[in-house]
Protein chains: 2
Amino acid sequence: MRATIRDVAKAAGVSTATVSRVLNKPDMVDPETIERVRAAMESMAYQPSAIARGLSAKRSDTLGLIVPGITDFFFNELYKGIDRASQQNGMKVLLYDSEHSRDRALEGFSILGGYQVSGIIFTSKLVTEDYDPILQRVGVPVVLTLTQSEARTPVPSFRIDEVRAMFDVVAYLVTRGHQKIGMIAGRQWDDKTGELRLEGYRKGLRHFGIEYDEKLVEYGQYRFDDGYQAMQRLLEKQPNFHMTALCTASDEMALGAIRCLNDNGLHVPEDISVVGFDDLPLARMITPRLTTVAQPFAEIGEAAVSWLVRAVGREPSPSEIGDYLLPHRLVERESVRALG
Amino acid sequence: MRATIRDVAKAAGVSTATVSRVLNKPDMVDPETIERVRAAMESMAYQPSAIARGLSAKRSDTLGLIVPGITDFFFNELYKGIDRASQQNGMKVLLYDSEHSRDRALEGFSILGGYQVSGIIFTSKLVTEDYDPILQRVGVPVVLTLTQSEARTPVPSFRIDEVRAMFDVVAYLVTRGHQKIGMIAGRQWDDKTGELRLEGYRKGLRHFGIEYDEKLVEYGQYRFDDGYQAMQRLLEKQPNFHMTALCTASDEMALGAIRCLNDNGLHVPEDISVVGFDDLPLARMITPRLTTVAQPFAEIGEAAVSWLVRAVGREPSPSEIGDYLLPHRLVERESVRALG
DNA sequence: TTGTACGCGTTATCAA
DNA sequence: TTGATAACGCGTACAA
């Protein structure tokens with residue numbers, strides 16, 4: 001049986017209220033009393049019940065995190081930032097995996113609500129109007145990371161400027177002499193990021209006077225196999241292969257594309273240059289090291305938590321609710337070759 | 001303000017006890033009443049407070065998970081299994097990252113205890129006698145995954161037969177004509193796994209009559225950079241390179257070793273064969289695809305949760321507390337070349 | 001089948 | 001500076 005606040009109170013010869021004060025407002029307690037109480041706690045290995053505390057105080061020092069899939073490679077980096085910031089603020093994190101299902105994501109809000117989380121971080125999936133009812137009644141602040149909202153309920157989002165990022169990739173490639181630039185874009189029904197990056201790609205081409213050619217574009221759902229298959233289709237669509245560079249919407253798809261190219265006797269970057277997106281830890285581990293767009297995952301996580309912590313218990317002003325665009329960065333490595 | 005059980009009771013014209021029963025023992029309630037109550041809950045979007053429930057029932061339907069580092073590549077796979085099994089049992093998971101610090105790991109038990117978790121899964125780090133006091137007083141069942149215990153308090157562990165696994169690797173290599181087999185072993189002060197795998201390596205050599213040569217062995221802490229540097233040292237230790245195959249204690253170190261070899265103009269598997277350990281998702285994504293030992297991470301996670309769920313609320317019999325060795329598997333891919 | 005009333009471990013309010 | 005005591009939201013004897 002765990003020791004309770006009552007046990008400690010009895011042992012120290014004080015009331016439970018005093019024990020509670022020692023824990024929460026020590027400056028209101030006589031130093032000697034503090035000493036006695038602390039000793040008692042020590043000897044009984046007392047650990048306050050976060051549960052009871054949550055019930056009484058109506059807050060739980062816990063943040064809820066909803067992710068689409070735990071196996072997404074970027075998860076670890078994002079979580080690192082979230083965990084770091086949470087810890088600094090004395091918060092715990094409750095994880096909820098929606099398994100890429102909208103229903104489960106919706107359910108996640110309720111379940112986390114049941115745990116009295118102080119705030120919720122929602123990740124990666126596009127938030128549409130379906131979310132409005134839930135968003136209205138969760139009763140705790142919600143922030144978005146790596147995605148944005150199309151719902152009416154105002155919600156802040158932390159992410160990068162997707163369009164600009166992909167524009168930068170195209171610019172980088174053009175500067176290195178590439179003109180025939182293909183793309184494996186991201187596409188999922190509940191994802192807007194893919195469109196945005198594709199838009200950046202088109203914008204980039206247009207800016208440099210290159211015509212958009214849909215034979216050079218394919219789609220995938222961000223994972224390795226999607227990249228592999230998309231590359232396969234790209235190869236089939238152009239019998240006389242003349243693409244010199246390829247942008248992708250994720251490092252994983254870039255890996256898939258590279259594997260596919262290798263399996264077809266093509267080499268990176270000798271035969272074709274490839275640029276990834278995300279800068280996952282593994283991007284620098286493979287051969288060739290992957291040139292890619294670094295997303296500040298950890299920073300995004302930290303920023304989201306900070307916002308949440310500041311927002312808890314009060315109504316955030318409209319000016320605080322916006323899209324926070326954190327800086328991305330193109331990381332030059334070995335998968336792009338300068339032409340001519 | 002969230003709706004409480006009282007609000008629902010009032011709306012349905014019943015007592016809170018009845019509402020509670022509708023939730024927990026519907027068979028004791030009149031069907032019509034159920035109907036009414038359910039409707040009320042629906043209309044108010046009632047979500048029972050897991051917090052209050054936990055306080056009252058003294059259990060929280062929550063499992064605690066202590067991992068050494070969220071960025072360890074195997075984490076996602078392990079978590080997948082844990083999450084799956086937890087869900088099936090209506091449990092949530094509270095994550096705690098000990099950041100490879102023993103003090104923080106110890107603290108993890110207390111904190112998770114404060115959240116009234118029903119059980120705790122401890123991962124990867126060796127459990128020594130320092131853990132005994134904590135283990136004694138957590139008051140909830142604890143299981144180990146991917147590690148084992150040297151503490152006196154009996155704790156079950158779920159893992160693979162490390163010695164046998166590495167023995168199998170050596171056997172595999174010898175069968176393919178390799179004799180000069182090196183190893184990048186794992187080594188950390190709070191880790192026994194590394195020793196075990198090294199033991200399997202030595203056992204393998206001995207079994208096939210190959211002499212152990214410490215010039216062919218180096219150590220690292222499982223991460224990419226460790227593998228890279230260990231390979232570097234290996235290269236320096238033997239000016240006239242004649243190692244034909246290399247075992248590693250982790251896929252990440254295998255990647256590091258391969259990168260290092262590449263940087264030194266050596267190719268895998270043409271110049272040297274490399275075998276990884278873990279079979280992380282990325283093992284099949286790189287070129288060459290990595291031959292490696294598959295650990296059943298997800299299954300280990302599931303097994304651990306199942307055990308925990310069965311153990312909660314009662315004293316597990318001694319026969320249940322043991323080392324559960326799950327089957328590993330050597331996955332043949334492209335990083336090993338058959339000699340001669 | 002249903003309702004009343006108490007307890008779970010804290011915090012917060014109000015007196016002392 | 002301290003102590004009683006009433007919440008917090010739910011589960012569950014016990015009684016009806």
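What separates CD1 of Ile34(A) from C1' of dT2(D) is a distance of 13 Å, to the nearest Å. For Met41(A) and dG9(C), the CE to C1' distance is 15 Å, given to the nearest whole Å. Rounded to a whole Å, the CD atom of Glu35(A) is 17 Å from the C1' atom of dT1(D). The interatomic distance linking Leu55(A) (CG) with dC10(D) (P) rounds to 9 Å, in whole Å. The nearest whole Å value for the distance from the CG atom in Asp61(A) to the C1' atom in dT11(C) is 13 Å. In this structure, CE of Met28(B) is placed 10 Å from C1' of dT2(C), rounded to the nearest angstrom. Atom-to-atom, CZ of Arg6(B) to C1' of dG11(D) comes out at 13 Å; the value is rounded to the nearest Å. The separation between Asp30(A) atom CG and dT2(D) atom P is 5 Å, rounded to whole Å.
Contact between the side-chain N/O atoms of Ser49(A) and the OP1/OP2 oxygens of dC8(C) is not found at any separation under 4.0 Å. For the pair Lys25(A) and dA12(C), the criterion of a side-chain N or O lying under 4.0 Å from OP1 or OP2 is met. A sub-4.0 Å separation between OP1 or OP2 of dT12(D) and a side-chain N or O of Asn24(B) is absent. Taking side-chain N and O atoms only, Thr18(B) has no distance below 4.0 Å to OP1 or OP2 of dT2(C). Residue Tyr46(A) has a polar side-chain atom (N or O) positioned under 4.0 Å from OP1 or OP2 of dT10(C). An OP1 or OP2 oxygen of dT2(D) is reached within less than 4.0 angstrom by no side-chain nitrogen or oxygen of Ser15(A).
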Check against side chain to side chain contact (heavy atoms under 4.5 Å, CB included), Ile120(B) and Tyr96(B): CA-CA 10 Å; Ile120(B) 292 177; Tyr96(B) 186 87; over 6 Å; no
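Looking at residues two or more places apart in sequence or on another chain, you find no side chain to side chain donor-acceptor pair (under 3.5 Å) involving Gln116(A).
In summary, Arg102(B) and Asp130(B) engage in a salt bridge, as defined by a charged side-chain N under 4.0 Å from a carboxylate O. Using a 4.0 Å cut-off between charged side-chain N and carboxylate O, Lys80(A) and Glu77(A) make a salt bridge.
Heavy-atom distances to DNA chain C give each of Val19(A) and Gly13(B) a nearest nucleotide, and the one nearer the 5′ end belongs to Gly13(B). Residue Asp27(B) is the one, among Asp27(B) and Ala57(B), whose nearest nucleotide of DNA chain C lies closer to the 5' end (criterion: closest heavy atom).
Contact annotation for Val14(B): backbone-only contact, meaning every heavy-atom pair under 4.0 Å involves sugar-phosphate atoms and none involves a base.
Across dT10(C), dT1(D), dG9(D), the shortest atom-to-atom separation from the side chain of Thr33(A) is found for dT1(D). The listed nucleotides are dC10(D), dG3(D), dA13(D); the one nearest the side chain of Arg21(B) is dA13(D). Side-chain proximity of Ser56(A) to dT11(C), dC8(C), dT1(D): nearest is dT11(C). Picking from dG9(D), dT2(D), dG9(C) the nucleotide with the shortest atom distance to the side chain of Thr4(B) gives dG9(D). Nearest to the side-chain atoms of Ile5(A) among the listed nucleotides dG3(D), dG9(C), dG9(D) stands dG9(C). Distances from the side chain of Ala17(B) to the nucleotides dT10(C), dC8(D), dT4(C) place dT4(C) closest. Checking dT1(C), dG11(D), dT10(C) against the side-chain heavy atoms of Arg53(A) singles out dT10(C) as nearest.
Taking both residues in full, the closest heavy atoms of Leu112(B) and Ile66(B) are given as CD1-CG1, 3.5 Å, listed atom of the first, atom of the second, then distance.
Side chains of Val29(B) and Thr18(B) form a contact here, defined as non-hydrogen atoms less than 4.5 Å apart.
Phe74(B) and Phe297(B) have parallel rings, their planes meeting at less than 30° on a 0 to 90° scale where 60° marks the start of perpendicular.
For Tyr131(A) and Phe122(A), the distance between ring centers is under 6.0 angstrom.
Inter-axis angle, ends of the helix from dT1(C)-dA16(D) to dA16(C)-dT1(D), five pairs per end, rounded to 10 degrees: 40°.
Using modelled atom types and a 3.5 Å distance limit, the side chains of Asp323(B) and Ser157(B) yield a donor-acceptor pair.
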